[in-house]
Protein chains: 2
Amino acid sequence: MNIGTAARRSALPAKTIRYYEEIGLLRPARAGNGYRDYSGDDVHRLKFLQRARGLGFSVEECRQLLSLYGDTHRASADVKALAATKLNQIEHKIAELQSLKKTLTHLVQTCHGDARPDCPILDELSGASD
Amino acid sequence: MNIGTAARRSALPAKTIRYYEEIGLLRPARAGNGYRDYSGDDVHRLKFLQRARGLGFSVEECRQLLSLYGDTHRASADVKALAATKLNQIEHKIAELQSLKKTLTHLVQTCHGDARPDCPILDELSGASD
DNA sequence: CTTGATCTTCCAGCAACTGGAAGGATTAGT
DNA sequence: ACTAATCCTTCCAGTTGCTGGAAGATCAAG
């Protein structure tokens, strides 16, 4: 099938699919007219990528996952380790964002937000407490 | 003062400071030897940037904040609006990550994580439920 | 036979830096 | 005065993960 169809089936933009090919994540066949020709397996791979990227795995991690996926003898522990690491990173990121949220919430609440020129948010950013 | 000192005082790498200059966020003086010469105000500006970036404001948003900061007649409402928008984005991002976390937690828990080759994580990614 | 959609490649750019090379200036130590 | 280490300069390239656009081929429909 052509790239447009593969794009629809995998829920990935055609541009992204070409990019994934460029960085070696898949190698679709070519039809006689030079068009890329995607097999069901290729689409499967693309969906896998779409899901894994959506779960926050980096492209390099996706590459690892794909190779683990392709390796019928891999241990599930390897995959679990990768997922656990990613989970940790995500938790870390959440904690970080929650701390940002707390600070910003405080700032927004403190700011009277009218036409007056004094603003606690800028005061804080400018280091009024230094 | 030289860039190294400004870097230490603002907690920003020298490279980043030069980059901020390149994109027009500040314009330090130059000493006779061609070295950048940072004033206390420059460092203040750099600290402001360091804090605002740390709070998740994009460089462009920082530029806005700086111009609002420099404008003695601005309304605090303008700043508040910017901060509130950012707060919203952060909350959105947190929700997204929490959803990822939930899915990944589930996957990691389901995976037995031993030497056996079957792995629920890869099954899920490969779309076993399709 | 033409129109419009789809495909191809290539080149460029986004954010926000970061790294490194090549070379000039300064400072500390002898 | 000389040398070595450190710091400064500029410039160019790379990172991540795409995305946009131009120019040109191909295909499908009417």
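Chain identifiers are assigned alphabetically (A, B, ...) following the order of the sequence lines, protein sequences preceding nucleic acid strands; residue numbering begins at 1 within each chain.
In this structure, the nucleotide among C:dT6, C:dT18, D:dG17 sitting nearest to the side chain of A:Ser58 is D:dG17. Taking every side-chain heavy atom of A:Arg18 into account, C:dT8 is the closest of D:dC8, C:dT8, C:dT18. Each of D:dC11, D:dC18, D:dT26 was ranked by its minimum atom distance to the side chain of B:Lys15; first place goes to D:dC11. Nearest to the side chain of B:Arg30, among D:dT9, C:dG19, D:dC18, sits D:dT9. For A:Val59, whose side chain is taken as the heavy atoms from C-beta onward, the closest listed nucleotide among D:dC18, D:dT19, C:dA16 is D:dC18. For B:Tyr19, counting side-chain heavy atoms from C-beta on, the closest listed nucleotide (C:dT18, D:dG17, D:dT9) is C:dT18. The B:Thr16 side chain lies nearest to C:dC17 when the options are C:dC17, D:dT19, C:dC7.
With rounding to whole Å, B:Arg53 atom CZ is found 11 Å from C:dA15 atom P. One interatomic measurement links the two molecules: OH of B:Tyr38 to P of D:dC7, which rounds to 16 Å at whole-angstrom precision. Across the protein-nucleic acid pair, B:Asp37 atom CG and C:dT26 atom P stand 13 Å apart, rounded to whole Å. What separates CD of B:Gln50 from P of C:dC17 is a distance of 11 Å, to the nearest Å. In this structure, B:Ile3 atom CD1 and D:dC7 atom C1' are separated by 11 Å, rounded to whole Å. Taking atom CZ of B:Arg36 as the reference point, atom P of C:dA25 lies 15 Å away to the nearest angstrom. At whole-Å resolution of the value, CD1 in B:Ile17 and P in D:dT9 are 10 Å apart. One can place CD of A:Glu22 at 12 Å from C1' of D:dT19, the figure rounded to the nearest angstrom.
Here the closest non-hydrogen pair linking B:Thr105 and B:Lys101 is OG1-O, 2.5 Å. The two residues B:Ile94 and A:Leu97 have their closest heavy-atom pair at CG1-CB, 3.5 Å.
Checking B:Thr5 against A:Asn33, the closest nucleotide of DNA chain D that is more toward the 5' end is the one next to B:Thr5.
Within the 4.0 Å cut-off from OP1 or OP2 of C:dA16, not a single side-chain nitrogen or oxygen of B:Arg63 is found.
A donor-acceptor contact closer than 3.5 angstrom links the side chains of A:Ser39 and A:Asp42.
Residue side chain A:Tyr20 does not reach the base of D:dG17 through any donor-acceptor N/O pair under 3.5 Å, judged by distance alone.
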Can B:Glu22 and B:Arg36 be said to form a salt bridge (charged side-chain N to carboxylate O under 4.0 Å, His left out), step by step? CA-CA 13 Å; B:Glu22 193 186 317; B:Arg36 288 168 179 84; over 6 Å; no

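Within the nucleic acid shown, A:Ile23 has no heavy atom closer than 4.0 Å to any nucleic acid atom.
When the side chains of ILVMFWY residues are joined at heavy-atom separations under 4.5 Å, either directly or via intervening members, A:Tyr35 and A:Leu26 end up in two distinct hydrophobic clusters.
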